[in-house]
A.B. asks: 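Below is a structure I'd like to ask you about.
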Amino acid sequence: MIGKFDAIVVGAGPAGSTAALILARAGLKVILLERGEYPGSKNVSGAALYGTRILHELIPNFWEEAPVERYLTRRVLTFISPQSSFSLDFRTTNFDQPPYNGFTVLRPKFDRWFASKAQEAGALLVPATVADDLIWDGDMVVGVRTRREDGEIYGDVVIAADGVNSLLAKKAGLRRDLDARQVSIGVKEVIALDRKTIEERFNLQGDAGVTYEFAGSVTGQVYGGGFLYTNSDSLSIGIVAKLASLVEKQVKIYELLEEFKSHPSIEPLVRDGVVKEYSAHMVPEAGWRMIPKLYSNGLLVVGDAAAFNLHTGIFSEGMNYAIASAAAAAETVKQAKAKGDFSSRSLSRYRRLLERSFVLQDLKRFKRAPDFVNNPRLQNVYPITICRAAESLFKVEGSPRRKVAKVVLGQLREDNLSLWQVLRDAIDGGRALIW
Amino acid sequence: MVIIQEKLDLVRFNVDKEPHIRVNREACKGCDVKPCVYICPAGLFTLSDGEMLFSYEGCFECGACCITCPRDAIEWNYPRGGYGVCFRAA
Amino acid sequence: MKIVVCVKQVPDPNSVDVDPVTGAIDEERLIYVVNPPDRCAVEEAVRIKEWLGEGEVTAITLGPPRAEEALRQCLAIGADRALRLWDKDMESLDALSIALVLAEAIKGMGYDLILCGAESADWGSGQVGAAIAELLGLPQVSVITELKMGPDGRNATVQRKLERGEREVVECPLPAVFTIDASLNEPRYPSLPCYVEALMREIPSIGLQDLGVRRGSLRIETAPKILGISLPRPRPKKVFTPDSKLSAFQRIDAILSGGVVGRKRILIEGSPEKLAERIVRFLAERGIIGY
Ligand SMILES: Cc1cc2nc3c(=O)[nH]c(=O)nc-3n(C[C@H](O)[C@H](O)[C@H](O)COP(=O)(O)OP(=O)(O)OC[C@H]3O[C@@H](n4cnc5c(N)ncnc54)[C@H](O)[C@@H]3O)c2cc1C
Ligand code: SF4
Ligand code: SF4
């Protein structure tokens, strides 16, 4: 058996490395377990890393040493119909200077780096080791059992940062098995393309980058969306779709990805690129309603394991919540250590910290987002309506152009939609995503 | 048609000798929807003359098959630490 | 019993992506592992130690700082000590010079048995083990698929892999150098305590000066370089047309055999020195080597 630790962190994704880093810096004896050969080897994201304030606080100017790809100054939301597309383009110039608003990253590189920072702070990183179960003393979690001979590890507290499939949260009875209606699956390809071509095609300067998110006919009848992010010398392109919807429509997600790549508004962007890697991962998506119980005696659940993921159906944001929730958990553990009390009562502070942070506030605010995207009109009707309306707006035919409102109303009528319905959806959507 | 094997060839797998996922193919016989065939992003579930074939070697360990199987036919686990899929760029 | 195992960190062949057009290797995507037969060599050394109930296993490597990782894997399997040799320019040594540095280090630490992998997954030259044996004046048995220690640890019976599936059993006095085939054993999956201890160990690294190796005695910049990698292209097949002067029967026979003529073989026998001399003479006579 190996010695006892103050804290056992399971999973070296952004959540686990954050917790291990903070606790090791506070002088606690921390072990960080990771089942992959190296941290990041099992992990997939788009990946746009937002909410970098906490990371900047932990590792000032982290972007100077971290393997980040491009800082993000533009975010484009595109509605696509089979032939055309219509984009909302958000740009800001304040984001092109430190501290940046967000970066694109590649997880195998980023996670490896981030875990090495926890290691430098004094945490013991043990890769290639899977935690299979919790060890209990009565109703108190006192350690984890790993799949190696003499694999028991004991500690005052276990932090489950083991991702969307969290076996530990399940074993602790904090949550039930995942339900196909609560999760989406994402597939992604990294496509190598030289820097110059990327900068030309996406109209970028230097290390600036852009993220494109797509709604509409990308996924046909399946609920989901697409994304295309720029890295230094590659593109990340992928599809996220609801599991239940794929099953219902009997569609294979990698076929959707192929169709997406050949869509007339995407193909010119990825042309001549060489596919480097294909990957897949699940996303917890039902947001607010899926969040399990977050702690029990001697155990805290953070990041994707706790379903802290803002998934709108089109894009997924979870790394920022993973980092923030793990920071809250680490603060809680520091206090618990000072008091020598790791009971559920003492750890309940975690939830209060989360309520005060953007983690639970955002998820509560956006709790309707999943429903909004699962609205069949948003998925298939509106993008076509918007694209058609835009088309007739931009078409130069010699006749006087009609006012925007008229064009849209005319198109709605043509598509058999009532204004009332549209307004209701708009309010729903607004509640979910904006208000 | 997408040839999924070509995509899997881009990925590094450190394949363990023992499978980490086992499928009870008897149960599959009575399963009419067969969601695993659509859901697996690695296309590892295939039908051959009505028989379900499964290979674990190209698995992304995503967990999707397990939660969509209506007949609890999939005995799902992670591979041993250090084995299985190993992304390099993702 | 002191067992020294030479290990090498190599790119996992599964991680080698070759650009189909330029033939260039994508270095950034390489993942380094312990050369598989070297891992088996460490496992075997640890098993011998466990079987004898005493002994010390040292894993040494010549490699850059990232090779520490490979040594940790050896410690996790059960090696007692690990040592990394490294210095400026070492990445461009050829097999003979690598063996020279390793042999010098091994001389310094004392040994009863030296194990190496039979071949490395990257270069596959299979020369290092033989050269170490030569430099230390030891007998060498190559490509071992089975190893049985004599009860007193003074000799060993080993099985070698020959061509076409043949096997040879050899008894060899120790100390000796054995090169290990990856089929010899299945390396263990280390226990958690062993693994964690290995992760926490300091791994010493020493340079040429500490080893007492003169830079001048090494052949730097002689390492073979990869110029490009390509898939073998099928050679255009020539249809064989037999000599029209042959009889019909002979012509049919020639067509059926595709024009392949049986190879000429000469069998020579004698002591190793005699054999080597004969081979060299044979090659020189045909102008294949200068002599
Ligand atoms: C296709 C896709 C695109 C996405 N895009 C974005 C994006 O653009 N921006 C964004 O912010 N988020 C994005 N997300 C979400 C984001 O990936 C997750 O929210 C984030 O990774 C959660 O971090 P985590 O540390 O909680 O979990 P993970 O990153 O999943 O880390 C869990 C870690 O635990 C390890 N582990 C699991 N079980 C065990 C065990 N039993 N023993 C030992 N180790 C174990 C795993 O190997 C892994 O390293 C995306 C997700 C997907 C699938
Ligand atoms: S879903 Fe389950 S029961 Fe149905 S075919 Fe697939 S594995 Fe078998
Ligand atoms: S875990 Fe995912 S990749 Fe593996 S078999 Fe199941 S669905 Fe396919």
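Per chain, numbering begins at 1; letters A, B, ... match sequence-line order. It should be emphasised that the depicted structure is a prediction, and the values quoted were computed from it without experimental measurement.
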A.B. asks: Keeping C/R29 on the side-chain end and A/K276 on the backbone end, is there a donor-acceptor pair under 3.5 Å?
C.D. replies: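 Judged by distance alone, yes, a pair lies under 3.5 Å.
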A.B. asks: Go through the atoms of C/D17 and report whether side chain, backbone, both or neither lie under 4.5 Å from a heavy atom of chain A.
C.D. replies: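 Neither part.
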A.B. asks: Measure distances from A/E152 to the heavy atoms of chain C and classify the residue's part below 4.5 Å as side chain, backbone, both or neither.
C.D. replies: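 Just its backbone gets close to chain C.
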A.B. asks: Which atom names give the shortest non-hydrogen contact between A/D150 and C/L192, and what distance separates them?
C.D. replies: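 Here A/D150 and C/L192 meet closest at O-CB, 3.6 Å.
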A.B. asks: How about CE on C/M200, more than 12 heavy atoms from neighbouring residues, nucleotides or ligands closer than 6.0 Å, or not?
C.D. replies: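 At most 12 heavy atoms, drawn from other residues, nucleotides or ligands, come within 6.0 Å of this atom.
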A.B. asks: Using a 4.5 Å cut-off on heavy atoms from C-beta on, say whether the side chain of C/L199 contacts that of A/P127.
C.D. replies: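 A/P127 vs C/L199: side chains touch.
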A.B. asks: For C/E28, does the CD atom have more than 12 heavy-atom neighbours from other residues, nucleotides or ligands under 6.0 Å away?
C.D. replies: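 No, because the 6.0 Å sphere around CD of C/E28 holds 12 heavy atoms or fewer from other groups.
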A.B. asks: For C/K148, is the NZ atom crowded, meaning more than 12 foreign heavy atoms sit under 6.0 Å from it?
C.D. replies: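 Atom NZ in C/K148 is not packed in, count stays at 12 or less.
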A.B. asks: With a 4.5 angstrom heavy-atom cut-off, could you sort out which part of A/L125 is near chain C: side chain, backbone, both or neither?
C.D. replies: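 When you check distances to chain C, only backbone atoms of A/L125 fall under 4.5 Å.
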A.B. asks: Tell me if a side-chain donor or acceptor on C/Y189 pairs with a main-chain N or O of A/E149 at a distance below 3.5 Å.
C.D. replies: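 No.
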